[in-house]
Amino acid sequence: MLYLELLLQGLIQGSMYAIIAVGLTLVYGLLRILHVAHAGLFALGGYVGLLIFNETGSLILAMPLAAALVGLVGMAVYRLCYQPILDRPPYVALIASIGLFIAMEELFRLIFGPYGLTYKNPPLQAYVNLFGIHIRAAELCMVGASITLLGVLSYLAQNTRIGVACRATVEDPEMAASFGIDAIKVRYLNFFIGSALAALAGIFVSLLSNLVEPTMGGVPSYKALAIIVLGGLGNVKGTLIASLVIGIVEAFGTIYIGNLLDRDAIAFAFLIIVLMIRPQGLFAEK
Amino acid sequence: MNEILLEVRNIIVRFGGITALNNVYFDVIKGEFLSIIGPNGAGKTTMLRAIIGVVKLLSPSRIFLADRDITDITVHERVRMGLAMTHQIVRPFKSMTVLENVVIAAGHKRTGNPFSAMFSFDRKSEIEKAMNLLDTVGLSDVAEQPVTGQPLGVLKRLEVARTLAVNPGLLLLDEPLAGLNHVEAKKMADTIVKINQNGLTIVMIEHNLAEVLRVSQRLIVLDNGFKIASGNPDAVLCDSKVRAAYMGKEKINAAA
Amino acid sequence: MKKTGLIILALLVAVCMSGFAGASDTVKIGFHAPLTGFAASDGKSASIGAKLAVEQVNMSGGINGKKIELIIYDDQAKPSQSIPIASKLIGQDKVVIGISGSYSGPTRSAAGIFQESKIPYISAYAIHPDITRSGDYVFRTSFLGAVQGKAGAKLVGEILGKKKVVMITLQNDFGKSLAAGFKEAALNFGIEVAGEYQYSIKDRNFGSIVARVKAHKPEAIYASGYYFTAGPLISQLRASGVTVPVIGQEGYDSQKFIEIAGKAAEGVIITTSLDRDSKNPETASFISEFEEKAGFKADMVAASAHTAVMVAADAIKKAGSTDSVAVRNAIAATKLKVSTGTIRFNKLGEVVKSVQNQVVKDGLWRHHSIIDDAKILTPPEK
Amino acid sequence: MGIYEISLGTIVCINIIFAMSLNMITGFCGQISLGHAAFYGVGAYCAGMLAKAGFPMYAALFAGMIFAGMTGLVVGLSSLRVREDFLAITTMGVNFLFLGIVRQQDFLGGELGVSSIPSHGMGKIGFLVFVMILACLVIAWSHMIKRSWMGFAFDAVADDEDIAQVLGIDVGRYKLVAFAIGTALAGLAGGLYAYFARFIVPDDFGFITSITVLSMVAVGGIGSIAGVVIGTLLLTLMPEMFRFISDYKLLIYGLLLFGVMRFAPEGLAGLIKSFVGFICKKRAAL
């Protein structure tokens, strides 16, 4: 029973990681950037979602609106911050991204205050009793949303023109360009989708803790990087599975070896072991 | 005269589920100019990469260099034993000048041990050697320029000069003529022949059949990872298997 | 463009430096707190609390005719930042007393510098046991972790009468020393610790810990943390159907905790130093004036910083000079009624005062009980 | 000189040694490390513990160096397995793992850290001079390596590992040497920090410290010795320069990191170089 509950908690945490990390891996697959500022967009999503909700009282409105808005910000980040330095060595974009992330965290603190914001009437706080296991509606919704979103995404990637264009550009940009696919458009699209996903994750996380803080992007900023590396950098399916695996490893780890290693150390110990055995991650790209 | 320099036995290489090389075997005789031909995807580049040691071999693959089993030793050690290879897609050290690219290769004795390298500063003799090599391939006038921005012809020559700088006994060339125009290709082929005549054994992969036939002493034909023929150029090209497997496809390719 | 920017910058720096260094008709008190970075919320509360204390003292005529000037620096809660800050406060600003409104790491580093220079230093709420061990010039106005942990054990075992406890420990110096104190005293109150689980300060999702705790079926839960970890923790505990009492500490002590946890916060009891229902005029005036100044409700951090400044002002007044030996002795002899109760210091410089237990009732912190058991409250002498 | 200037000077010199040590690995040999603070921490803990056990300072510092170098060698082995972004994340994981382990070791003080580290006994100014001499030695050594055949081979490895190997350079060995030297120097810097602060806690050696030192190297100009010194000076003193606007200090820091990478990706060294080049050209034109 306890194992089942821990497994479930691992899956919940894992599906949260998945929504963030899939967006990050989309960006990485296309541009080879370790986009740390993704976590800043995650926090921005939390803020925008909460502000809209507190104004309107409607989550149905807050979620898509926040996702769209943050998606646009993501496109702007690409255009203004990354595009001019794409041909530089990878550390350039990495450090620029870290700088951007620090600046974003500080802006949130200066604008919204250091104490964090809370929902006026936090939605989705009811819980269901599944054979003695209490699950909150927010948790269920998050798992549901991650399955739906990622399912829809993979359907679009397989079956629509723009989806196919995306995949082609990731695999071979020059070839794709020669077939008349506009690589720049695909990049914007990837940033839009990735950032929108991050925003949704931010909203779900803030619903689970009823707290949006300036520093809420701190953990995803590095954990998501670990996950996409574990999943084999740029590999969406691998990232998905890596998210769930890390979630489960953490859920069990904090209980059974929590007195030896903390949550981050457990996750990274797992990552290092896997990479030493499979240097290309769980799922190599080719 | 017929001393065997390199002996390649039962080479098997697999990537994922695909067998890239299947039981390929051949000898390279000291001083000869051997070319490996075959359609795209036949496993030619993989063969060279196997010899230099960057591809993992499956048993019972064995490679002998001058009667010594080199199957399990690392790339840089093979290089120090006299193997050298150029790449099809030239990759110079972008942060360096043309000359420096050759000097670093010429200094392979100095860089052998990191600790003695730390206390070794003099580059004079290596620079001299590098200048001579650049002269051989006709690049002495661009020596001081940075490599970025140099045309492909220069880079291809640089690649050869750089490889010669490690004093190889056996040179593996991966499509040295690819991407060059007719005149450049002929010039490059002549340079290679000259190098061969100076006593260096050469194994070359090349698609430019006209030049291959002009310069090679012996051919090996690969198709789908199998060796399907070997021998002197005229005989090989008359082989029906070769015509079926290779020439047909190549003609289609050439037409396209 | 760039050049003019640089010049303006240099001018600004010069102006700021000379501005601070020139005045001598004030008594300078140095203060450092994390105004940026992850601990910025506590830094903000602490600095408002300290500023309030300065205003109150200056309004009532200052110290011996001179006004207090508070010099505030941001240490980002990093020890590597607090060392130059301490040196700057001592060497450049020539402060009479240094006060830390920061966490243990930066406070412990700065304490060494103040001790070396023989300038009195007061830690407002950092709990590291070695801070006061830096030497005789270092004091602390908040409880040691171990003391508060023991008080927590008394609250659970004696006042509430719960014997089977699960501990949820925050993995930092604060949580660890609380846990150590709690476990030490648990036996005396017949408490059985059924299990202990640790979490990191970055965690906001406690699903697996909650599941494990529930399986123990404890009578009470002793959970250390700050309002931003405790808020989510408590609401997740309650959502999973755990209804037993939860006991926290001063880290919870903020209105924000109740805001985050919502209804789940009801009934949570903490050990802290600020009593919201106190009849003590110092406490009552602090609570109302702070809310007016800050725009949000007072918390423990603010009260502690307020207390530390009050102690400093009182000592300088009593010493009658800014001579560091006289001021130090005056602090050591403190017996003062302040917002966090009546305080004095022991030989080591640790505060001796009663523990206020607060409970959440109808969305507000309320008086629950007081622990003034000398056996528990006595801090170590060395 | 007041104690403020002395303490700033000491920190600057320690940071220069620390940044130089990372420059050896990342700048010279091209191996990105996001976990350099771990080795700084190994040196600090080792020196701190030995100092408390009564060992003389030189012995404690030396032991910290050796111990950090050995740890670095082990981590360096991972650079033979994984590359580039994978290596960056692996080293980041090493940092979290180090922190996780130290946090839970009671003999290392756990969360409470190591306090009351004995004094170095040379006075504040004496220690500043000592650290300054060490910093100069490290700079001189870096300069020597850069000019030697070892530095030349590092250039080749940093530029293109595969090609370096085919030209007979033992890439693996060079990487290990870079890791060993770089991490040993980080250990030295850590030991000096332990003696300087006389109090260390795990959080001193976290991921943020790794990012800070990487920023010093990158902002200065990766691989350039003078650049790294300038970058270290700038980023160490910047918080001090901006104390009077402390609320915006981190914001400016983040924006500076981003700005330098975005507009001068080769760091300040590159900026100065192109500026000098520009002046020379102008002169030549006159």
Side-chain angles (χ1 to χ4, degrees), chain A residues 1-13 16 102 105-106 109-110 113-122 125-127 129 132-139 205-206 208-211 213-216 218-219 223 247-248 250-256 258-259 261-265, chain C residues 34-45 168-169 171-172 195-216 227-242 254-265 294-296 299:
Chain A
M1 188 65 187
L2 176 62
Y3 292 133
L4 195 68
E5 203 165 347
L6 287 181
L7 190 68
L8 200 68
Q9 286 299 334
L11 289 176
I12 291 169
Q13 185 74 13
M16 188 270 277
I102 295 175
E105 277 195 333
E106 284 301 298
R109 183 181 63 78
L110 288 166
Y115 296 91
L117 305 178
T118 50
Y119 286 89
K120 271 182 199 154
N121 289 305
Q125 297 299 312
Y127 53 83
N129 194 337
I133 300 176
H134 290 248
I135 307 172
R136 276 185 297 161
E139 289 173 333
V205 167
S206 67
L208 289 181
S209 55
N210 187 23
L211 182 61
E213 307 157 89
T215 53
M216 72 184 280
V219 174
K223 200 65 82 53
I248 292 167
E250 283 185 7
F252 281 87
T254 41
I255 297 307
Y256 293 104
N259 293 342
L261 288 175
D262 59 21
R263 189 183 204 140
D264 289 344
Chain C
L35 300 174
T36 58
F38 75 96
S41 53
D42 278 340
K44 189 172 178 192
S45 284
I168 302 175
T169 301
Q171 215 173 61
N172 72 356
E196 183 182 4
Y197 302 96
Q198 306 193 21
Y199 71 93
S200 121
I201 191 166
K202 289 175 275 187
D203 287 344
R204 301 290 181 272
N205 189 357
F206 303 93
S208 47
I209 290 181
V210 167
R212 186 74 192 88
V213 167
K214 207 166 74 170
H216 278 297
Y227 72 87
F228 45 85
T229 60
L233 172 64
I234 304 301
S235 67
Q236 286 167 31
L237 270 172
R238 294 295 185 232
S240 82
V242 177
S254 159
Q255 190 61 29
K256 201 76 195 175
F257 164 74
I258 300 170
E259 218 176 279
I260 297 167
K263 287 199 189 76
F296 52 89
D299 51 23

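Note that the structure is a prediction, hence the values are computed from the model and not measured. Here is the naming used below: chain letters follow the sequence lines, and residue numbers restart at 1 for every chain. Computation of the quantities below employed the complete heavy-atom set of this structure, encompassing side-chain atoms and omitting hydrogens, waters and symmetry-equivalent molecules.
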With only heavy atoms counted, which part of [X] is less than 4.5 Å from chain A, the side chain, the backbone, both or neither?
X: C:E259; answer: both
X: C:L233; answer: neither
X: C:T169; answer: neither
X: C:F296; answer: side chain
X: C:Y199; answer: neither
X: C:K256; answer: side chain

How many angstroms lie between [atom1] in [X] and [atom2] in [Y], if you round to the nearest 0.5 Å?
X: C:T36; Y: A:I102; atom1: OG1; atom2: CD1; value: 10.5 Å
X: A:E139; Y: C:N205; atom1: CD; atom2: CG; value: 6.5 Å
X: A:I248; Y: C:S208; atom1: CD1; atom2: OG; value: 11.5 Å

> Quick one: does A:N210's side chain have a donor or acceptor within less than 3.5 Å of a partner on C:I260's backbone?
Replying inline: yes
> Checking A:R136 side chain against C:Q236 main chain: does a donor-acceptor pair fall under 3.5 Å?
Replying inline: no
> Can you check side chain to side chain contact (heavy atoms under 4.5 Å, CB included) on A:H134 and C:K214, steps first, answer last?
Replying inline: CA-CA 11 Å; A:H134 290 248; C:K214 207 166 74 170; 3.8 Å; yes
>> What verdict does the side chain to side chain contact (heavy atoms under 4.5 Å, CB included) test give for A:T215 and C:K202, after you've listed the backbone C-alpha separation in whole Å, the side-chain angles of each residue and the deciding distance to 0.1 Å?
In response: CA-CA 9 Å; A:T215 53; C:K202 289 175 275 187; over 6 Å; no
> Considering only heavy atoms from C-beta outward, does the side chain of C:Y197 approach that of A:T254 to under 4.5 Å?
Replying inline: no
> Does the side chain of A:Y127 come under 3.5 Å of the side chain of C:S240 through a donor N or O and an acceptor N or O?
Replying inline: no
> Can a donor-acceptor pair be found between the side chains of A:N259 and C:Q198 at a distance below 3.5 Å?
Replying inline: yes
>> Assess the residue pair C:Q171 and A:R263 against the criterion (side chain to side chain contact (heavy atoms under 4.5 Å, CB included)); give the C-alpha distance rounded to whole Å, side-chain angles, the decisive distance to 0.1 Å, and a yes or no.
In response: CA-CA 10 Å; C:Q171 215 173 61; A:R263 189 183 204 140; over 6 Å; no
> Quick one: what part of A:L110 sits under 4.5 Å from any heavy atom of chain C, side chain, backbone, both or neither?
Replying inline: neither
> What part of A:E106 is in contact with chain C, defined as an atom under 4.5 angstrom from a non-hydrogen atom: side chain, backbone, both or neither?
Replying inline: side chain
> Looking at C:F206, C:F38, C:Y227, which has the largest count of heavy-atom pairs under 4.5 Å with chain A?
Replying inline: C:Y227
Which atom pairs, one a donor and one an acceptor, fall under 3.5 Å between side chains of residues 2-10 of chain A and the rest of the protein, sequence neighbours left out?
none

